[in-house]
Amino acid sequence: MLKIGNAQAFWGDSPTAPSELVSQCPDLDFLTLDYLAEVSMSILAIQRAKNPAEGFARDFLEVVKSLIPYWQQGHRVRVVANAGGLNPIACAEACRSILSVLPGMKIGVIDGDDVLTHFPDQQLATANVYLGARPIAQALDQGAQIVITGRTADPSLTVGPCLHHYKWSDTDWERLAGATIAGHLIECGTQVTGGFSTNWLDWPDHSNIGFPIAEVAEDGSCVITKPPGTGGVVNTQTVKEQLLYEIGDPSRYLSPDVTVSFLGLHVEEIGPDRVRVSGAIGSPPPTTYKVSATYSDGFRAEAFLTLIGRDLKRKALLCAERVWERVRRAGFELEQKHLECLGMGDAVPGVLPVGQGDFQEIVMRLAVADSREAAVKAFAKEIAPMITSGPQGITGYTSGRPTIRPIYGFRALTLPRSEVTPRVKILEVS
Amino acid sequence: MKLREIAYARSGDKGANANIGLIAYDAQGYQQLLKIVTAERVKDYFSSLGVTQVTRYELPNLWALNFVLENVLEGGGSLSLRLDNQGKVLGQALLEMEVM
């Protein structure tokens, strides 16, 4: 049985989670870390344009540092992370330089996911295929203690160690399907151990929710659990919620390793904080790779102001109109502008009757997008003046002028598998 | 009766679309979900968000339904100006549906 944990669900997740999970689970075999959301690559592209040695998730280096004491004490945990982003080699080099106290340690690097040159006509900022589990397994076969990838399908971070450990073939569909389910369940960290749950209030010890561990068996089935003494819960409810997270047709969940059907899955509580998941059905994956592409799409800013009093809808509309008019006078008709009265149901506009009483308290949210940075700047300047020209009962300016952010759109493309060559390289710490 | 009395949920995004997993607490609840929570009903419920089509998938083995709501996120992800541009709260909203 192989113990695979996840301690990073996204770039910005708890930076101490990886070392905590390792200390809580002395026999953890693998630690997977996910840093890349859909548009993360575009942020990394900006960083790499400024400095060719950048373009990866720098936070990962702190995580590697935090694990050094455990390796020095003989902990066997091996790390698989997509922290390489747009520049896996630079990430691996940076890791190597901070690991000098552990000479001989091997770092596997996987690239070949960058396919921007295949789409010359689309004015893309980045284009990366979601690679599968095999290159990760190859790096582990060659003794890598840390495997750094660029864009890789999230569940493949878990399937890779299974391929390596159990020596499954690339056509062992049922086992690959089971391991893909295990990876899907732990890839969002605490979302399977009580976080983001409908009955969140009922689970214990919210400040200490444990990160998940999948115990994957040789047949591909798994037990989802968490370290003893941590908060949150693993039960059939938290596991089913995460099974259904961000999926489409449950009879055809697509990964680069296998196509999975959820329709035979069996979810069973076998002990406290232990849920067994079995019965995944596998078939061959698509003949194309999915490509995650981003493109530059102008600028954006948003501002929040709090209002209390009566007639707040009218007041908010007038406040917004005042801002739009002032921006107009500065010479810009904003391409996209948006007002929300949060506290009156606008988080899901028009669906739920919320906050309909006479005396109200709302957060007014103004958001704008425009291809011209100057137009968004003009908007940002017109928020603070509301303190003296807006209605009574307005507050909440202390965060200063809104930040103007460049925006990247996301486009899903495909590419035949034959046009992509994943590369595996091993660096050794000297 | 509200849907939340017989089911729990989780939602998230897929580009400009969102999905909502709706899961019954027991087998009887699942039979009720099958009857009551049709794709058409979910489309009506979220019509103010601009949803263009709802597909319902059945997972009897999990007592669950999965709804895929097309174009419910105004372009989705980084393109939508909405606060909830990733559909994170749609599940919570669906559970407030009055079903009897």
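Per chain, numbering begins at 1; letters A, B, ... match sequence-line order. All figures in this text were calculated on a predicted structure; none of them were measured in a lab.
- When each of A/Ala37, A/Gly409, A/Pro250, A/Ala369 is scored by its heavy-atom pairs under 4.5 Å with chain B, the top score falls to A/Pro250.
- At a 4.5 Å heavy-atom cutoff, A/Ser251 makes no contact with chain B through either its backbone or its side chain.
- Taking CG from A/Leu352 and OH from B/Tyr45, the interatomic distance works out to 4.5 Å, rounded to the nearest 0.5 Å.
- Two residues are said to be in side-chain contact when any heavy atoms from C-beta on lie closer than 4.5 Å; B/Leu83 and A/Phe304 meet this criterion.
- With a threshold of 4.5 angstrom between heavy atoms, A/Gln336 approaches chain B through its backbone and through its side chain.
- Taking every heavy atom of both residues into account, B/Ser11 and A/Tyr245 meet most closely at O-CE1, 3.4 Å.
- Both the backbone and the side chain of A/Ile247 come within less than 4.5 Å of a heavy atom of chain B.
- Heavy atoms closer than 4.5 Å to chain B are found nowhere in A/Ala412, neither backbone nor side chain.
- Both the sub-6.0 Å distance and the 45° axial angle are satisfied by B/Lys88 relative to the ring of A/Phe196.
- Residues from residues 60-74 of chain B that place a non-hydrogen atom less than 4.5 Å from a non-hydrogen atom of chain A comprise B/Asn61, B/Leu62, B/Trp63, B/Ala64, B/Leu65, B/Asn66, B/Val68, given in numerical order.
- Of the atoms belonging to B/Leu90, it is side-chain heavy atoms, and not backbone ones, that fall under 4.5 Å from chain A.
- Contact annotation for A/Asn199: only side-chain heavy atoms (C-beta onward) come within less than 4.5 Å of a heavy atom of chain B.
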How far apart are the C-alpha atoms of A/Leu243 and B/Leu59, what are their side-chain angles, what is the distance that settles it, and do they pass the side-chain contact (heavy atoms from CB on, under 4.5 Å) test? CA-CA 11 Å; A/Leu243 269 177; B/Leu59 298 98; over 6 Å; no
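- The two residues A/Pro349 and B/Ser48 make their nearest non-hydrogen contact at O-OG, 2.6 Å.
- Proximity to chain B (any heavy atom under 4.5 Å) is restricted, for A/Ile407, to the side chain, taken from C-beta onward.
- Between the side chain of B/Asn19 and the backbone N or O of A/Gly248 there is no donor-acceptor pair closer than 3.5 Å.
- Heavy atoms closer than 4.5 Å to chain B are found nowhere in A/Glu302, neither backbone nor side chain.
- The NE2 atom of A/His338 lies 6.5 Å from the OG atom of B/Ser80; values are rounded to the nearest 0.5 Å.
- For a residue to count as touching a neighbouring chain, one of its non-hydrogen atoms must lie under 4.5 Å from one of that chain's; by this rule A/Arg300 touches chain B with the side chain only.
- Heavy atoms of A/Asp297 lying under 4.5 Å from chain B belong exclusively to its side chain.
- Residues A/Gln191 and B/Arg10 meet the side-chain proximity criterion, which asks for heavy atoms closer than 4.5 Å.
- Of all non-hydrogen atoms in B/Leu81 and A/Arg365, the two that sit nearest each other are O-NH1, 2.8 Å.
- Atom CD of A/Glu361 sits in a sparse spot, with 12 or fewer heavy atoms from other residues, nucleotides or ligands closer than 6.0 Å.
- A/Arg252 CZ: 12 or fewer foreign heavy atoms inside a 6.0 Å radius.
- Atom CD of B/Glu98 sits in a crowded spot, with more than 12 heavy atoms from other residues, nucleotides or ligands closer than 6.0 Å.
- Here the options are B/Asp84, B/Leu49, B/Leu94, the test is side-chain contact (heavy atoms from CB on, under 4.5 Å), and the partner is A/Val348; only B/Leu49 passes.
- Comparing A/Val267, A/Leu342, A/Leu265 by heavy-atom pairs within less than 4.5 Å of chain B, the highest count is held by A/Leu265.
- A/Glu241 places a side-chain heavy atom less than 4.5 Å from the side chain of B/Ile23.
- Enclosure of atom CD in A/Glu335 by more than 12 non-hydrogen atoms of other residues, nucleotides or ligands within 6.0 angstrom is indicated.
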